[in-house]
Amino acid sequence: MTCCIHILIDEMRRSGIIVRTTDNDCEHYAVIDKKLVWHGGMNLLGKADFYDNLIRVENEQAAAELLEITEQVLIAGK
């Protein structure tokens, strides 16, 4: 990650947002309030690209599944 991304992440954390990152760049998503999911082929903290896409889904089950997958990836990476 670049320096600018670290600055953005630090700002989000200071605002009370839980930020978890992995070295795996194949999935880009944000889960908000355990029910709102923003998901897509877009680097949410990075440079815009011609192929960027983003969908918004409000579904607690989808959010829970993504959070569970994130935990599994983080645990496997340790």
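This is a predicted model, so every value here is computed, not measured.
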When rounded to the nearest 0.5 angstrom, what is the spacing between [atom1] in [X] and [atom2] in [Y]?
| X | Y | atom1 | atom2 | value |
| --- | --- | --- | --- | --- |
| I32 | I18 | CD1 | CD1 | 12.5 Å |
| I69 | Y29 | CD1 | OH | 6.5 Å |
| R20 | L74 | CZ | CG | 6.5 Å |

Within the 4.5 Å heavy-atom criterion, are [X] and [Y] side-chain neighbours or not?
| X | Y | value |
| --- | --- | --- |
| L54 | W38 | yes |
| T21 | I9 | yes |
| L66 | V37 | yes |
| I17 | R13 | no |

Those residues that, when tested against E60, pass side-chain hydrogen bond (donor to acceptor under 3.5 Å, both in side chains) (two or more places apart): none

V73 vs T70, side-chain contact (heavy atoms from CB on, under 4.5 Å): CA-CA, chis, key distance, verdict: CA-CA 5 Å; V73 168; T70 302; 5.8 Å; no

Salt-bridge present (E58, R56; N to O < 4.0 Å): yes

Stepwise side-chain contact (heavy atoms from CB on, under 4.5 Å) check, I7 with E11: CA-CA 6 Å; I7 292 169; E11 286 181 25; 3.6 Å; yes

D33 atom CG, over 12 foreign heavy atoms within 6.0 Å: no

Derivation of the side-chain contact (heavy atoms from CB on, under 4.5 Å) call for N59 and K35: CA-CA 5 Å; N59 183 289; K35 64 180 176 183; over 6 Å; no

Heavy-atom pair with the smallest gap, counting every atom of M12 and V19: CB-CG2, 3.9 Å

